[in-house]
Each structure stands twice: as structure tokens, then as C-alpha cells.
Amino acid sequence: MSDELDGMDEILSEFLVESYENLDSLDSDLIVLEGAPESTEILGKVFRTIHSIKGTSGVLGFEKLERVTHVGENLLSRMRDGILTFDQDIATALLQLVDAVRQMLGCIETEGADGDQDFGALIALLEQLLEQDAVPTPAGVQADVTPAEVSEPDPEPAPGPSEEVARSGAPNAERTVRVHVKLLDQLMNQVGELVLARNRILQCGSRHENPVLQSTIQELNLITTELQEEVMKTRMQPIGSIWNKFPRAIRDLCVSFEKKVDLVMEGRETELDRTLIEAIKAPLTHAIRNSVDHGIETPERRLLAGKPATGTVRLCAYHEGGMVAIELWDDGAGVDPQRVAAKAIEKGILTSDEAARLGQRDLLNLVFAPGFSMASKVTNVSGRGVGMDVVRTNIEGIGGTVELKSEVGKWTELKFNIPLTLAIIPALMVHHHGGRYAIPQASLVELLRLDGSQAGGAIERVHGARVCRLRGKLLPLLNLGEVLGLDGPFWPDEDDTRRTWNVVVLRCDGQSFGLLVDSINDTEEIVVKPLGKQLKEIPVFAGATIMGDGNVALILDVLGVAKSGSVLSTGIERRDTSGSGHQEVAAPTGTTLILVEIRAGERVAIPLSSVNRLEDFPSASVERSGQREVIQYRGLVLPLVRLDGGSEAGAKPEAGGHLQVIVKGEGAEQVGIVVDRIIDILEAPVNLELEDAPRSIVLDGRVTELLDTTQIQARAGHEEAAR
Amino acid sequence: MSNQYCTFRISDILFGVDVLKVQEIIRFQVLTEVPLAPVSVRGLVNLRGQIVTALDLHRRLDIQPSGQLDVEPINIVLCTEGGAVSLLVDEVGDVLTVHDEHDEPPPPTVNERTRELLTKVCKLEDELLLVLDADRTVDLGGHP
């Protein structure tokens, strides 16, 4: 008896899973169909889906579900036969049908019955559409019949659905197996354990010299790494699985706002960890709604602005630097930084003085501040002020970043950077007061060593708050011991000039800060494990992990640390203090440039991305090698290039002075460019990757030549070869 | 009806928990201290790859240590609603089967903090067994 019940349950759950999947594709199919009503192939697919749901629901005895799908099927069959043509009204009705079916499936899943909601209105609507063309056919009559009679004309109740699914499904259906997500999660956990055990064995094994043991350990190491990769893959899902919902969402928005939007999706096969896919779904949906609501203008306004009446929203995903980048681009009205600033001032997020000091990019990113809303009127999709800050909080919660760029009147782009997986993350290990802590690498900016012998001491105070100077800007400092309640507010040896300090520069929520720690160790791949509920309340810990020696180390929650050290006490403090913004290098529209002076008054800009290091050499260390000036640098010979031309050969190095040198390239390719003075690092709106990149631009109010460093490097290399 | 208790001692006081709540008993493990944690939390232990919070029952029950400080405590790992939690105890005793006719509610004069965590007191022949409620013991709630 119980076996029989189990059997039923299995059929039911299979039916639910299958139907949900089919419904998801139905949404997008219907929208494609709306654009291309003559596509009989898609129409056939839609028909089969509805038909198989109807068939199975009949067998399982869900009368309401059967009745609703039956009318839909009739409508579709008449379109398939060419009696009716697909139009927007039909599309709307069929989409409503899909929603109704989904709702009933939900009821079946939770209560085991198809719910008590009456879909009479929907059935009437579908029937009315059926009657639309004046030719009454038996199908029209059939739509009125009661469910009991409906099951009769259906000659193939049980085998129907499975066959249909097999035919419409992918041809490799036999090669895939459905596995419960829980099982995959457990598998992932166990692989995590295996990785840790492997790390421990590696540590122990390095103390023995037995060759058999060594080779076995090597093998174990390889197998574990491979296994980890493969298991990670099983958890990966193409991002398209959530994108499928967007065409429908955009269509609905367009209908309600009377806008026209084309959605272009690129890179839907890009894969992400399952948990992350779930986590980005809501923020991404929200951002897309924003694009349609705020971004894309009405067709009339678009035509006035000289744009095509139909707007474009482009969603694009790709891998970039070990992360997944998702770009949401629209060719709408853009976001005006000045209007954002005005709104932000109006909402009290910052003062006008503060706004005046911010750059365009920082102004734009004020839209992520809590309580910010651009919408002048509240619509039912957006404008309640709980928008972009939630998007950012969600994305940062999973270790990602989000940034807004825009050109007024032309386009807006939101770029999300999402880590590939959450389960295993790279982290920096630090020691403090005998404890070991892991800092997720995602929030790590750089490591500093502060020297107490610096003028005025390494650590300075602003009314009691510790700061240090980092490239001319003040960096707020926190002491990890103080954050963890291990040290008092007085730091030991703070004014000791012989002492050096290890500082980990972290960044979260747009704010950088330095964390003082006793010592900095290696980076390691760690497996994040949750803390018990006794410790959940402590905001500065994100979890714990097991280290190679089998002991437990705590993982710091950078956001929690920043908050407990009141680095992020108010919205207005969210300002870029690091200045250079390393991620800007990869930005397609702007370039970070180093502004240098090469001769009295003459300025040249060098793209920061092509620069390896900035060095300061005493002039005396310049040696000559043939016709060239060289310097011994890190065990290599560094050829020097002087930009002021003539002095390159034969000029005598000025005695006692210093040379500012920009080091470009790596290893033997290195070239040192001698400059008079490094003025600033700033961002310019040029794209040097373009063919027609300008030779000079206006920077800081002055015409500045852009230095082609590849050419200089080639020149140095060429001369080398010529000699 | 009779119940089975896993018994243990804290400063010579005999305590017990429902044996069905006990996942396992392991010897002392290296603890990782957690700064800012409630005082009852002694630290975290690695239980075959699972990270388990270890509670100090002296502090939890407000009992003074009995002097033998050099004795390494033993972990009684409980299986609770919120996952596995370890209780650090001085000494582990037998599993006792006690008929419930020997049970009595804890007397009102017991230290209030302890009384909240006790379900009953069993009158054994030569001493009293204080039965702890496993879920309430590991739920630090507002308590330190």
C-alpha cells in the first residue's frame, strides 16, 4: 500500500518538476511567438507543453487544471491549424494561462490539490478569443463542455505526456540524470573536507622522505584537485536559467508603460554556482525593471531625441579575471550626475559641499545610497526608494561589486562582478594576539607596512581617530585587537619610532580602511563553514574554516568589521579614498592615467595599466652600457629611456640628484622611463584600446600628450637588438 | 516509564541529559577561542570537518571550578535543533536508566540560572541527578 503511495508521489513530483521547466520555456516561447507569429515550430512546442500538462492533470485528477489547460489547448490548436492568428491579445491571455497553471501547480505542491481559486474569468476570456473569428467549429463547442466529458476525446492519457516530453526535450535526455540538489551540496561539503585532509597530508608528508609516500601524496593531491573541480562543475548552472524570465518581465512592463523595448541577451551559457544564481536573481530583476521604467523613454520622446522608437536593453555575461561580469546596458535617457547629486542633497544623503567635491563617477554611484530614489513619481514597479541600495547590499553580500556608468541622453550601464563560487574562497590569513583569522580576498585591496620612523610617526591622529597617509590621502585605521575587544582603545607602542606595523587595506561599500594586524601570512583557499547559532550574533565574523593543521580559524566579515569600527557610520562617508581605483583599468570607456612632467612645463600622460612600478633611483646609480643608460634593478639590467630626447645619449647624469623612473614591462622586457616629476593619477574618458585613440587630450585643464609606451618599449628593445 | 540519561560531573555535581540527544563523546580537542563571544562559549572545535561550538558548563551554570584545573575537559556533543553543540564537562559517567517515579521538579531554592535549564531532579539511591534540557542549555539567547 505504502509502495503504491510512494509511486504516486513520485509521479506527482516528476509531473511538477517537468511542468515547471516547461512553463519557464513557455514564457519565452510565447514572447518569441508574439514577434514571429508564423513560426509553426514554436507554436507546436507551446501546444505540446500545454497538451502534456492537460493530459497528466487529467490522469492525476486535477480537474481545474485540466479544464483551464484544455481551453488553452483548443485555442492553440486552432492557431496551429491556421484558423486563428497569434496577436497581442492572445499572447496576453496565454501568458495569464501560464500564470494560472503555475499557481495551480504551486497549490498542488503544497496542498496536494489544485486549489480552490476559480479561473472562470480566464476561461471565459480564452473562450471569447476562441469565438473571435466568426466560423463556429466543433472546437468552439467543446470549450464549453464539462471536465468529465473533456477527458473522453483525449485518446492517449497516460503515455501521451512522457512521449511528448521525450520528443520535445533534448536528444541527449538519456545521458542526463536528475539529482537532488541536497545531494550535490553534501558532495560539495565532503569534497571540501577532502581538500582540507589533503592539505594536512601535504603538510605532514613534506617531513618524510619516503619516495613511495611522496608519489602517493602527489597522486592524492592531483586527484583531489580534479575531483574538486568536477564537483564544482556539477553545481554550476548557466546564467540563462534565470534570464529566461526576463523577456516576459520586460514584455509586461512594456505593456503597462506603453514603451517598446528589445531585450538582447549575450553569454547566457556563462556558468555560475547554483547558490549565486539564486542570489543574483532578485537584484538583477530589480535592475532590469529600473532600466525599463527609468531608463528607456517613451517611443515619442525617443523619436524626438533622434533615437529609434524601440529601445534596447542588453544583458551580457562573461568571465573576467576569475569573476563573472554581468553588464546591463540600455540606450535610454541615461543618468545625470548633477540630478543625482541634487536628489541626494534633497534627501539629506550628503551636503552640497560634499557633492561639489565628488567626481562624476562618485556622484553617479550615489544612487546606491540607502533611501535614494530618482523617480519623480512612485510607480508600481519602482520609485519607493528601496531600490539600488538593496541591489548593492545583495551583490556585496555574496562578495560581488556593482557599478553604474552613464552618458546623459545616451546610455546607462550597470556592471556586476560576481564571484564564481561561494563555497571555497581565497582568503588572506593574518595573526593577531595568538589568534588566526581569514580575510576574504574579495575585499582586500593591498598590504602596507608602516614604518614608525617616518616623519611625524606612521600613525597620525584626527581627534583620536587613527589614520595613516597612503599616496597622499588619509586612510582610516582600525586595530584588529580593538575590533575584537582584545585590546583597549590605547594601542601599545603607538608612538614607538622603531616599530613597524602591518596594515591590511580593505574596501567595502565604497570605503577603504586599514586594519592593523600582528602578522600577515599566506593566502589560502578556504572552505567557508557557518558558525553555530550561539555565535551568529557577532557581526565581525562571517564564518569559520578548518586550516591545514586541523584547527579552526575564524573568517572576518569585512563589512561587519567596518561597521563595528564605525568606518561606515553614515552614508556620506562613502567616498572613494583610494583614488586610483584599480578596477578602472579594465573599464572600456575610461582610462586611468599617470600624469607626469618630462621637461619644465611639458606634461605627458601614461596609461596606468601599462605601468609596472614607480621607482626613485639616486642619479649616481645610473651606469652606462655602450650608448645607453642603464640601472641595476632587482638583479636585472634596466635600460632607461629619457623622454626629453636629446639627453638620451651622452648626457651626464646630474650629480647628487634623484631620478623618477616609471618601470614598464616585466623581466627582460623592462624599460625605465625617466621623468622629471609624477604629478597625479587621474581618470580620463578615453579608450586607448580603440584604433582611433587620440594622441593628446585635455587633462586638468591643459593639453597633455598621451605616451605610447609600447612604442617606447619597442624602441628600447630595438636599440638593444641593433647593438 | 523509565528514561535513560547520559551522566557527567561538573565540579562534583552529577548532571544528566537525555541519552537520545547525545551524538557522541570525544576527548578534549584543541579549542579556537572566539573573541566577542558570550562567556559561556569556550571556543570552536573541529569535529571531523564540522565546526562545533564548545560551551563551558561551569560558566553556563554558574558553578565554581572545583580546583582540578589541570584536568582536560571532555566534549559531550549534543545533537540539537541548531546543529551539533559540544558541552565541556569535567568527567563523564555511566548511562543510567531511571524510572520516572523517582523524578521531581527542581526545588525553587535552586540557583535561578541553573533551574531554568533543569527539567527535573532524579533521586538516585546515593545522590541526586540533575537533568538538563539539552536545547535550553545550548540556547544562550540573551544570556552571556
Side-chain angles (χ1 to χ4, degrees), chain A residues 186 188-200 429 431-438 479-487 517 526-557 560-561 563-565, chain B residues 21 23-24 26-61 72 75-88 113 116-117 132-144:
Chain A
Q186 281 169 355
M188 187 66 215
N189 276 342
Q190 267 146 2
V191 167
E193 295 318 317
L194 186 64
V195 169
L196 294 172
R198 188 259 330 248
N199 292 354
R200 245 181 289 175
M429 302 306 301
H431 270 97
H432 199 79
H433 273 253
R436 197 162 28 161
Y437 304 94
N479 181 353
L480 182 56
E482 198 183 333
V483 169
L484 298 180
L486 302 168
D487 291 339
V517 297
I526 59 166
V527 180
V528 182
K529 299 192 175 264
L531 290 173
K533 69 173 180 196
Q534 294 83 4
L535 304 172
K536 277 265 157 63
E537 306 274 306
I538 311 175
V540 297
F541 299 126
T545 188
I546 295 169
M547 303 308 301
D549 58 7
N551 290 341
V552 179
L554 288 157
I555 304 169
L556 294 181
D557 181 335
V561 169
K563 280 187 178 149
S564 83
Chain B
K21 284 282 183 182
Q23 181 182 318
E24 62 193 298
I26 47 173
R27 64 185 165 77
F28 180 74
Q29 304 273 308
V30 180
L31 282 166
T32 300
E33 285 184 24
V34 184
L36 305 175
V39 288
S40 303
V41 175
R42 269 282 283 277
L44 299 171
V45 290
N46 169 11
L47 178 71
R48 292 187 306 279
Q50 196 186 355
I51 291 175
V52 173
T53 312
L55 299 181
D56 185 325
L57 277 193
H58 286 288
R59 296 180 195 162
R60 180 80 183 104
L61 298 169
E72 285 190 341
N75 288 287
I76 297 187
V77 183
L78 300 181
C79 186
T80 69
E81 290 155 5
V85 179
S86 163
L87 303 181
L88 292 174
R113 181 122 153 236
E116 274 179 19
L117 307 179
L132 286 175
D133 180 300
D135 289 314
R136 283 210 293 271
T137 306
V138 302
D139 181 10
L140 301 183
H143 283 287

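Every chain is numbered from 1, with letters handed out A, B, ... down the list of sequences.
- Contact annotation for A:Val483: only backbone heavy atoms (N, CA, C, O) come within less than 4.5 Å of a heavy atom of chain B.
- For B:Asn75 (side chain) and B:Val77 (main-chain N/O), no donor-acceptor pair under 3.5 Å exists by modelled atom type.
- Contact of B:Val34 with chain A is made through backbone and side chain together, with heavy-atom distances under 4.5 Å.
- Side chain of A:Arg436 to main chain of A:Leu554: no donor-acceptor pair is present (N/O by atom type, distance under 3.5 Å, no hydrogens or angles).
- For a residue to count as touching a neighbouring chain, one of its non-hydrogen atoms must lie under 4.5 Å from one of that chain's; by this rule A:Leu484 touches chain B with backbone and side chain alike.
- The contact between B:Val138 and chain A is made by backbone and side chain atoms together, counting heavy-atom distances below 4.5 Å.
- Once rounded to the nearest 0.5 Å, the distance linking CZ of B:Arg136 with OG1 of B:Thr80 reads 14.0 Å.
- For the pair A:Lys536 and A:Leu531, the tightest heavy-atom approach, listed with the atom from each and the gap, is NZ-O, 3.3 Å.
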